[in-house]
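Data first, discussion second: the structure below is written as structure tokens.
It should be emphasised that the depicted structure is a prediction, and the values quoted were computed from it without experimental measurement. Letters go in sequence order (proteins before strands), and every chain restarts at 1.
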Amino acid sequence: MICGVLKIMLLGNFDAHKLLDKVGHCVNTHIFVTKLLEWADKATFRDFTYRHETDAFRKLCLSVLLQRARPPQVDEAYKRLFTFLPTIKDVTNAPKGQIAELIRPSGMHQIKAERIRKLAEIILNQYNGRVPQNKEELLELPGIGEYAADVVLAWAFNQDVTMIDTNVYRILKRVGLIKEEGEARTILERLIPEGYRRRFNLIFIEFGGLICKPIKPRCPNCTLRDICHYAKSH
DNA sequence: ATCCTGTGCT
DNA sequence: AGCACAGGAT
């Protein structure tokens with residue numbers, strides 16, 4: 001059953017009993033959430049410097065850098081970009097080529113450079129340097145889609161928002177909780193109690209990066225192996 | 001549906 | 001060599 005009070009050290013502590021009381025009645029999802037929490041309790045989360053960033057504009061740029069990129073490479077690009085171009089004005093005035101060169105490690109640097117430069121321009125000129133705090137306006141921004149908008153709302157504006165990335169898709173699909181990607185949001189919002197969306201997103205990302213990896217997942221070491229369709233068929 | 005795009009892993 | 005990556009736009 002539930003092994004005492006689970007604590008997520010990195011993100012602060014919370015009482016898993018309360019948490020699990022709010023989760024739905026389905027046995028599989030119950031086990032799923034419990035096992036993930038137990039794993040997060042023991043695991044050592046990776047520490048990327050960009051995770052400590054709270055500035056809304058930089059988070060906005062980060063969500064662009066993260067597109068189809070690996071976290072370590074994004075961290076490198078992130079440091080380079082804001083070391084050389086610390087302010088929004090700096091980014092706005094920088095030639096696209098310079099931005100591209102700075103963020104090269106994150107991949108797709110030409111596209112991302114264009115997106116970041118336009119972002120800076122719009123935030124500076126149309127929003128007077130303030131990143132909008134609602135999803136509608138965020139989605140209007142170039143290079144900002146569902147995921148990027150949710151990331152900004154969650155981590156820059158402290159909103160309890162469900163974020164869905166490839167890690168979430170992959171984990172939910174393999175375990176067998178969803179068949180198609182469109183089902184992810186519904187399932188997640190039923191699965192994860194309000195107030196814990198951000199924490200769980202980090203857990204999904206870490207679990208997806210360390211255990212349920214896209215290639216060569218570590219199924220033998222995985223706490224979900226007993227309930228996971230993928231683990232049973234491989 | 002397909003493109004964008006560099007790098008790390010297998 | 002080939003696939004995959006904290007996606008988004010056309």
Side-chain angles (χ1 to χ4, degrees), chain A residues 10-11 36 40 43 45-82 96-97 99-120 122 135-157 159 161-174 180-182 184-185 188 192 197-221 230 234:
Chain A
L10 184 76
L11 302 163
L36 268 185
F45 281 26
R46 298 170 295 180
D47 187 26
F48 302 110
T49 60
Y50 67 79
R51 284 186 175 166
H52 302 287
E53 183 60 69
T54 53
D55 177 75
F57 173 70
R58 293 189 174 191
K59 275 290 179 195
L60 207 51
C61 296
L62 260 171
S63 64
V64 171
L65 293 178
L66 284 163
Q67 291 162 9
R68 307 225 42 103
R70 289 177 180 78
Q73 297 169 249
V74 170
D75 215 25
E76 184 64 23
Y78 160 76
K79 289 181 201 165
R80 290 168 51 139
L81 176 61
F82 294 118
K96 198 181 91 179
I99 300 177
E101 205 48 45
L102 288 171
I103 66 172
R104 175 187 279 273
S106 76
M108 290 193 291
H109 54 290
Q110 302 288 359
I111 292 181
K112 290 177 181 177
E114 178 63 19
R115 286 177 181 173
I116 286 174
R117 204 196 52 72
K118 288 195 78 174
L119 273 177
I122 293 174
K135 198 159 176 178
E136 301 77 53
E137 288 183 292
L138 285 171
L139 288 174
E140 298 282 326
L141 299 170
I144 302 301
E146 271 303 303
Y147 178 71
D150 286 335
V151 165
V152 173
L153 291 176
W155 298 108
F157 299 126
Q159 291 186 28
V161 161
T162 302
M163 290 164 276
I164 299 172
D165 53 44
T166 54
N167 290 294
V168 171
Y169 286 138
R170 188 173 61 254
I171 295 165
L172 293 181
K173 263 189 192 171
R174 280 183 178 164
E180 302 194 5
E181 298 188 345
R185 185 169 290 274
L188 264 195
I192 311 301
R197 271 67 188 270
R198 299 193 312 171
R199 293 172 183 187
F200 263 95
N201 181 253
L202 258 194
I203 294 176
F204 278 121
I205 288 169
E206 291 304 291
F207 190 76
L210 298 171
I211 304 293
C212 197
K213 298 185 294 182
I215 41 190
K216 287 279 183 186
R218 303 176 58 191
C219 297
N221 297 48
Y230 183 93
H234 283 74

Original post:
Distance between the C1' atoms of dG2(C) and dT5(B), in whole angstroms?
Top reply: 15 Å
Original post:
Looking only at N and O atoms, is any donor in the side chain of R70(A) or the base of dT7(B) less than 3.5 Å from an acceptor on the other one?
Top reply: yes
**OP:** Please work out whether dA6(C) sits syn or anti, treating a glycosidic angle within 90° of 0 as syn.
**Re:** syn
**OP:** Write down the atom of I205(A), the atom of R51(A), and the distance for their closest heavy-atom approach.
**Re:** CG2-NH2, 3.7 Å
Original post:
Are the side chains of L62(A) and V74(A) in touch, meaning some heavy atoms are under 4.5 Å apart?
Top reply: yes
Original post:
Roughly how far, to the nearest 0.5 Å, is the CG atom of N167(A) from the CG atom of L172(A)?
Top reply: 10.5 Å
Original post:
Taking the side chain of L202(A) as its heavy atoms from C-beta onward, which of dT10(B), dC4(B), dA6(C) lies nearest to it?
Top reply: dA6(C)
Original post:
How many Å lie between CG on D165(A) and P on dA4(C), as a whole number?
Top reply: 17 Å
**OP:** Please report, rounded to the nearest Å, how far the P atom of dT7(B) is from the NE2 atom of H109(A).
**Re:** 8 Å
Subject >> Rounded distance in Å - CZ (R185(A)) to C1' (dG7(C)) >> reply: 14 Å
**OP:** Run the salt-bridge test on E53(A) and K59(A) with the 4.0 Å N-O cut-off and return the result as yes or no.
**Re:** no
Subject >> 5′-ward residue of the pair R115(A)/Q73(A) relative to DNA chain C >> reply: Q73(A)
Original post:
OP1, OP2 of dG7(C) versus side-chain N and O of S63(A): anything below 4.0 Å?
Top reply: no
Original post:
Can you give the dot-bracket line for DNA chain B, where a pair is Watson-Crick or G-U wobble with both atom distances under 3.5 Å, crossing pairs use [ ], and | marks a partner on another strand?
Top reply: ||||.|||||
Original post:
So which nucleotide from dT10(B), dC5(C), dG7(C) ends up closest to the side chain of Q67(A)?
Top reply: dG7(C)
Subject >> Under 3.5 Å donor-acceptor, R170(A) side chain and G208(A) backbone >> reply: yes
Subject >> Neighbour count above 12 (heavy atom, 6.0 Å) for K118(A) NZ >> reply: no
**OP:** With P as the reference atom in both, quote the distance from dA6(C) to dT10(B) in angstrom, rounded to an integer.
**Re:** 14 Å
Subject >> DNA chain B: 5'-proximal contact among A69(A) and K213(A) (nearest heavy atom) >> reply: A69(A)
Original post:
Between dC4(B), dC5(C), dA6(C), which one does the side chain of R51(A) approach most closely?
Top reply: dA6(C)
**OP:** Could you tell me whether I144(A) contacts a base, only the sugar-phosphate backbone, or nothing, with contacts defined as non-hydrogen atoms closer than 4.0 Å?
**Re:** sugar-phosphate
Original post:
How far does the C1' atom of dC4(B) sit from the matching atom of dC5(C), given to the nearest Å?
Top reply: 14 Å
**OP:** Indicate, yes or no, whether a donor-acceptor pair under 3.5 Å links the base of dA6(C) to the side chain of Y169(A).
**Re:** no
**OP:** Could you check whether I103(A) gets within reach of a base, just the sugar-phosphate, or nothing at all, counting any heavy atom under 4.0 Å?
**Re:** nothing
Original post:
Salt bridge between D150(A) and R185(A), side-chain N to carboxylate O under 4.0 Å?
Top reply: yes
**OP:** Side chain of Q110(A) only, please: which of dT5(B), dA6(C), dT10(B) is the nearest?
**Re:** dT5(B)
Original post:
In whole angstroms, how far is the C1' atom of dA6(C) from the CD1 atom of I164(A)?
Top reply: 13 Å
**OP:** Give one of base, sugar-phosphate or nothing for F48(A), where a contact means two heavy atoms less than 4.0 Å apart.
**Re:** nothing
Subject >> Integer angstrom distance from the P of dG8(B) to that of dG8(C) >> reply: 24 Å
Subject >> L138(A) side, atom CG; S63(A) side, atom OG - distance, nearest 0.5 Å >> reply: 9.0 Å
Original post:
Any idea which of dA6(C), dC4(B), dT10(B) is nearest the N167(A) side chain?
Top reply: dA6(C)
Original post:
Rounded to the Å, how far apart are L65(A) CG and dC5(C) C1'?
Top reply: 14 Å
**OP:** Could you tell me whether the side chain of R170(A) has a donor or acceptor atom within less than 3.5 Å of a complementary atom in the base of dA6(C)?
**Re:** no
Original post:
Please give, in whole Å, the distance from dC5(C) P to I171(A) CD1?
Top reply: 11 Å
Original post:
Starting at CZ of R68(A) and ending at C1' of dT2(B), how long is that distance when rounded to a whole Å?
Top reply: 12 Å
Subject >> Interatomic distance where CD1 belongs to I203(A) and P belongs to dA6(C) [whole Å] >> reply: 17 Å
**OP:** Tell me which nucleotide among dC4(B), dA4(C), dA6(C) gets nearest to the side chain of I215(A).
**Re:** dA4(C)
Original post:
What residues form a side chain to side chain donor-acceptor pair (under 3.5 Å) with Q159(A), not counting sequence neighbours?
Top reply: none
